[in-house]
Number of protein chains: 2
Amino acid sequence: MDQNDVLKLENQLCFSIYAASRAITKVYRPFLERLGITYPQYLVMLVLWEKDKITLKDLCKKLYLDSGTLTPLLKRLETMDMVKRVRSSEDERVLCVSITDKGRNMKQEAIKIPECILGSLNTDVRALANLKNEVDQLLIDINE
Amino acid sequence: MDQNDVLKLENQLCFSIYAASRAITKVYRPFLERLGITYPQYLVMLVLWEKDKITLKDLCKKLYLDSGTLTPLLKRLETMDMVKRVRSSEDERVLCVSITDKGRNMKQEAIKIPECILGSLNTDVRALANLKNEVDQLLIDINE
DNA sequence: ATAAATTTAATTGTACACAATACAATTTTG
DNA sequence: CAAAATTGTATTGTGTACAATTAAATTTAT
């Protein structure tokens, strides 16, 4: 590859992933709008649908997001009555995030979304699964 | 796949790409910090290193970013004396973004970055090129 | 036990990201 | 040619992202 090509936008994997990430979020937007939540908020709900209750610290680790991002996001979800934020009685520093009934009920609506997304994309599911594995491997390589 | 699994975070390609995108930006950050620019600003400079002058509209199209994002970003780059923003004399609505000497000179520093990134990741270059193709295909599928 | 270090969450400040809107210039149409 | 539609950028408002700092509680070390 030419020395000059190294910098060319088209050759940059990072840009592709950056653009793909925003494009995917855009695909989700209209579906999530109906639920009244954003994509990062949806990720939080995905976690809580699997596990009723989780500490903020563990949530940060699971989503690779820091508390500065999640704190205001969770406060918005709390205002919408989707989650509850309670401090642990054992350790007052620890914040426990738990799902409300309203938040739990939303799962029934949300469960249709992944299929809708797959339908609107006309790609082979196998190819997507394969792509996911490769992206995950990259994530592992980045974090050593 | 189980009906419940559909919603599981681990199964979601979108989340992997979302997380990978942020992780990659994080890898770039220390290198770009030395140049005094952010990752999206670096993308703009990549375009201008290939093409001295471009309209805002074309820049938006190339980066898949809208003017609401690029306008303040370009103003910051202009303040740093990296780019110039001038209206076209033919059509006053058209904004021409061009690179300054200072911006052009930065290319010599920036040209080392991609190699540094590849070095810090210990992954096969072939695998990354392949991954890029697959992500690009997904982007095409999304935009039909 | 108590001072120092550590852990954890919240806060602050800067910078995207994008939908919605506003506005100005140009092009199209009747 | 004048009204309507379109085009292109800027502005506004909401919501992430994350580094840096602050503050509070716990743990460790003496």
Side-chain angles (χ1 to χ4, degrees), chain A residues 14-15 18-45 54-61 63-80 82 85-97, chain B residues 14-15 18-30 32-45 54-80 82 85-97:
Chain A
C14 48
F15 174 69
Y18 175 70
S21 174
R22 282 178 296 113
I24 293 176
T25 305
K26 222 173 274 188
V27 173
Y28 273 83
R29 200 185 309 277
F31 296 99
L32 295 176
E33 223 155 49
R34 253 166 267 161
L35 305 183
I37 59 177
T38 65
Y39 183 68
Q41 288 168 7
Y42 171 65
L43 294 179
V44 169
M45 295 312 292
I54 191 172
T55 64
L56 177 53
K57 189 194 173 184
D58 287 346
L59 194 57
C60 289
K61 214 179 293 177
L63 298 178
Y64 305 102
L65 289 168
D66 80 9
S67 68
T69 299
L70 287 181
T71 292
L73 188 157
L74 290 169
K75 282 180 178 171
R76 278 187 281 271
L77 283 178
E78 191 178 38
T79 303
M80 296 180 224
M82 302 304 249
R85 296 161 63 255
V86 199
R87 295 209 161 271
S88 161
S89 49
E90 293 116 45
D91 182 343
E92 287 285 328
R93 293 167 305 176
V94 175
L95 186 77
C96 283
V97 181
Chain B
C14 49
F15 173 70
Y18 176 69
S21 173
R22 282 179 293 113
I24 292 176
T25 304
K26 222 173 273 187
V27 173
Y28 272 83
R29 200 184 308 279
L32 295 176
E33 224 156 49
R34 255 166 265 161
L35 304 184
I37 59 177
T38 66
Y39 183 69
Q41 289 169 5
Y42 172 65
L43 293 179
V44 169
M45 295 311 292
I54 191 172
T55 64
L56 176 56
K57 190 196 174 185
D58 288 346
L59 193 58
C60 289
K61 215 180 294 176
K62 235 180 157 94
L63 298 178
Y64 304 102
L65 288 168
D66 79 11
S67 69
T69 300
L70 285 181
T71 292
L73 187 157
L74 289 170
K75 283 180 179 173
R76 279 185 283 272
L77 282 179
E78 192 178 38
T79 302
M80 296 181 223
M82 303 303 248
R85 296 163 64 253
V86 199
R87 291 204 165 275
S88 161
S89 48
E90 293 116 46
D91 183 341
E92 288 284 328
R93 291 169 309 176
V94 175
L95 186 77
C96 282
V97 181

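In what follows, chains are A, B, ... by sequence order, proteins preceding strands, each numbered from 1.
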>> Just the rounded figure in Å: distance from P of D/dT7 to CG of B/D66.
In response: 17 Å

>> Without decimals, in angstroms, what is the distance between B/E33 CD and D/dC18 C1'?
In response: 11 Å

>> Let's see if you can work this out: which of D/dT9, D/dC18, C/dA9 has an atom nearest to the side-chain heavy atoms of B/K26?
In response: D/dC18

> Can you tell me how far C1' of D/dG8 sits from CG of B/L74, to the nearest Å?
Replying inline: 14 Å

>> Could you work out, with side-chain hydrogen bond (donor to acceptor under 3.5 Å, both in side chains) as the rule, every residue matching B/R87, not counting sequence neighbours?
In response: none

> Quick one: CG on B/L70 to NZ on B/K75, what's the gap to the nearest 0.5 Å?
Replying inline: 12.5 Å

> Any idea which heavy atoms bring B/S67 and B/P72 closest together, and the distance?
Replying inline: O-CD, 4.3 Å

> Which parts of nucleotides 10-15 of chain D does protein reach within less than 4.0 Å, heavy atoms only, written one letter per nucleotide 5' to 3' as B for base, S for sugar-phosphate only and - for none?
Replying inline: BB---S

> If only side-chain N and O atoms of B/R29 are considered, is one of them under 4.0 Å from the OP1 or OP2 phosphate oxygen of D/dA19?
Replying inline: yes

>> Under the rule for side-chain contact (heavy atoms from CB on, under 4.5 Å), what residues qualify as partners of B/D58, not counting sequence neighbours?
In response: B/I54, B/T55, B/K61

> Would a 4.5 Å heavy-atom cut-off, applied to side chains only, mark B/K57 and B/V94 as touching?
Replying inline: no

Using a cut-off of under 3.5 Å, enumerate the N/O to N/O pairs linking the protein to nucleotides 25-29 of chain D.
unit_1, atom_1, unit_2, atom_2, d
D/dA25, N3, A/R93, NH1, 3.4
D/dT26, OP1, A/E90, O, 3.4
D/dT26, O4', A/R93, NH2, 3.4

> If we only count heavy atoms from C-beta on, is the A/M80 to A/L77 side-chain gap below 4.5 Å?
Replying inline: yes

> Starting at CG of B/D58 and ending at P of D/dT7, how long is that distance when rounded to a whole Å?
Replying inline: 15 Å

>> Can you list everything that forms a side-chain contact (heavy atoms from CB on, under 4.5 Å) with A/A19? Sequence neighbours excluded, please.
In response: A/F15, A/R22, B/Y64, B/L139

> Separation of B/I37 atom CD1 from C/dT14 atom C1', in whole Å?
Replying inline: 16 Å

> Can you check the B/I24 CD1 to D/dC18 C1' distance for me, whole Å?
Replying inline: 17 Å

> Side chains of B/L59 and B/L74: closer than 4.5 Å at any heavy-atom pair?
Replying inline: yes

>> Taking ring pair (Phe, Tyr, Trp, His ring centres under 6.0 Å) as the definition, give me every residue that meets it alongside A/Y28, ordered by chain and number, with sequence neighbours left out.
In response: A/Y39, A/Y42

> Rounded to the nearest Å, what distance is computed from the CD atom of residue A/E78 to the C1' atom of nucleotide C/dA10?
Replying inline: 14 Å

> Taking atom P of D/dT16 as reference, at what distance in whole Å does atom OH of A/Y42 sit?
Replying inline: 15 Å

